[in-house]
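Single-structure report; data block below.
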Amino acid sequence: MLKLFNIYDSICGTCQFWTNPDKALAFQNVIPYIQYTDVQGRCARKFNVLMNPNVKACSNYKRWIELPDKK
């Protein structure tokens, strides 16, 4: 199932340490989102623990460098 997440939310799915093989930047109309087909990933800062992308960002949060800045 395809999932879309707001790129401006400070959640695990928008962090550069959150890895998922299906992580991609997508656009719906002109609004950018992060798109996943598998909603679980791993946190590289937490010893590759399996994570959900909706989890509120922790103290290790660093915005994914490929995301556009908020206007």
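Nothing fancy with the numbering, it's 1 onward along the sequence.
Every residue two or more places apart in sequence or in another chain was checked for a ring pair (Phe, Tyr, Trp, His ring centres under 6.0 Å) with Phe17, and none qualifies. Every residue two or more places apart in sequence or in another chain that forms a side-chain contact (heavy atoms from CB on, under 4.5 Å) with Pro68 is listed here: Ile7, Leu25, Pro32.
Atom NZ of Lys3 and atom CG of Asn54 lie 8.0 Å apart (nearest 0.5 Å). The SG atom of Cys15 sits 11.0 Å away from atom CZ of Arg63, with the distance rounded to the nearest 0.5 Å. Note that CD of Gln35 is 11.5 Å distant from CZ of Phe27, once rounded to the nearest 0.5 Å. Here Lys56 contributes atom NZ and Tyr61 contributes atom OH; the two are 10.5 Å apart, rounded to the nearest 0.5 Å. Interatomic distance, Gln16 CD to Ile65 CD1, rounded to the nearest 0.5 Å: 6.5 Å. For the atom pair SG (Cys12) and CE (Met51), the distance works out to 3.5 Å, reported to the nearest 0.5 Å.
Judged by distance alone, with hydrogens and angles left aside, the side-chain atoms of Lys46 form no donor-acceptor pair with the main-chain N or O of Asn60 at under 3.5 Å. Between the Asn29 side chain and the Ile31 main chain, no donor and acceptor come within less than 3.5 Å of each other. Tyr36 places a side-chain N or O within donor-acceptor distance of the main-chain N or O of Gly13, the cut-off being under 3.5 Å. Put simply, the side chain of Thr14 gets close to the backbone of Asp9: a donor and an acceptor are under 3.5 Å apart.
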Between Leu67 and Ile34, is a side chain to side chain contact (heavy atoms under 4.5 Å, CB included) present by the stated rule, with each step listed? CA-CA 9 Å; Leu67 296 179; Ile34 295 181; 3.8 Å; yes
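By the neighbour-count criterion of 12 heavy atoms within 6.0 Å, atom CZ of Phe47 is sparsely surrounded, having that number or fewer from other residues, nucleotides or ligands.
Placement of Tyr8 and Val55 within a single hydrophobic cluster is found when ILVMFWY residues are connected by side-chain heavy-atom separations under 4.5 Å, directly or transitively.
Contact between Gly41 and Trp18 at its shortest, heavy atoms only, is N-CZ2, 3.2 Å. When all heavy atoms of Arg42 and Leu50 are compared, the closest pair comes out as NH1-N, 3.6 Å.
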